[in-house]
Amino acid sequence: MIEFKAFDNGFEYIQVTNASASAKIALQGGHVFHYARQGEIPLLWVSEASDFEYGKAIRGGVPICWPAFGMNNPSLPQHGFARYSMFKLLSCNEINATKTEIILSLQDSEESLKLWPHRFRLVLKITLSEVLEIGLETINTDTNEFTVTQALHTYFQVSDISTAKVRGLDNKPCLDALTNKRFTYSGDIVFAEEVDLVFQEVDGGIGLIDSGRDVKITSSGSSSVVVWNPWIDKCARMSGMAKQSYKTFVCIETANAFDDFKVIKPGESHTIRAVIQ
Ligand code: TA6
């Protein structure tokens, strides 16, 4: 079942229910803010204090950071403008009883050209089954090449951050965004303080190990991954967060960040994809 809904303030979203899973996708930002397999607790975390208001980013789910990750492009807002932009629904297709596909798009506008002087078209394909699959294609409709950095900035629900582990980044080059230090990471990532790490040359699956549930993330079109938790102090200062929010989520972001930027020539495209199971 596919339903078109809105919060009392008119904030629109699509609700999908099939035999495998349920999901909610906001038109603003093409933002998946709920995904749960039938009979399971949600896989994605969304903040109890999140805004659902046009012009404000949802805190949680899968924000799309585009055409810049972080402050990679100082003339743009942090994480770009796609997450504040209204995507158009291109199609919604119930492939079978257990699989639904939603396709949305975004293209340049008068506002976007003032921020970022390039013509583009984004095609976002979200496939909902036992697996959550998100693919973002950037098509260069301009006459000049342009460079993007980006991320599917996924917030994963965890039962307790202090026992959660992220696996699969052992021996990978990494930048600590808090200290700007580059080093080779070793072992699993555990959480006992603020963590903001950008990994490069990532070519395998990532595992989130949380008591009671392991999650596997694979990707294509991406060789960088960001792992983030704000911990106590930063969480207390952030918009859309409750004081204890940091305890129940970790971000594992499928990205093209820092050295993994993408130059896209006129008429060409690049697709980044995350498969979460
Ligand atoms: O992806 C990690 C990060 O870049 C952190 O540095 C932190 O700022 C986080 O994103 C959230 O950013 P936001 O703009 O959504 O508050």
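Every number for a ligand or one of its atoms is a count from 1 in the order of the listing. Excluded from the calculations below are hydrogen atoms, water molecules and symmetry mates; all remaining heavy atoms, backbone and side chain alike, are included.
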**Report entry** Polar contact flag, side-chain donor to acceptor under 3.5 angstrom, Asn256-Gln150
**Finding:** yes
Applying side chain to side chain contact (heavy atoms under 4.5 Å, CB included) to Ala57 and not counting sequence neighbours gives Arg83, Tyr84
Tracing side-chain contacts under 4.5 Å among Ile, Leu, Val, Met, Phe, Trp and Tyr outward from Ile103 reaches Leu90, Val123, Ile139
At a 4.0 angstrom heavy-atom cut-off, ligand 1 is contacted by Arg59, Phe69, Gln78, His79, Arg83, His153, Asp196, Val226, Trp228, Lys234, Met238, Glu253
Query - Residues Lys165, Asp214: salt bridge by 4.0 Å N-O rule - result: no
Tracing side-chain contacts under 4.5 Å among Ile, Leu, Val, Met, Phe, Trp and Tyr outward from Met241 reaches Trp45, Tyr155, Trp228, Met238, Phe249
Query raised in the report: Between Asp108 and Arg119, is the closest basic N to carboxylate O distance under 4.0 Å?
Result: yes
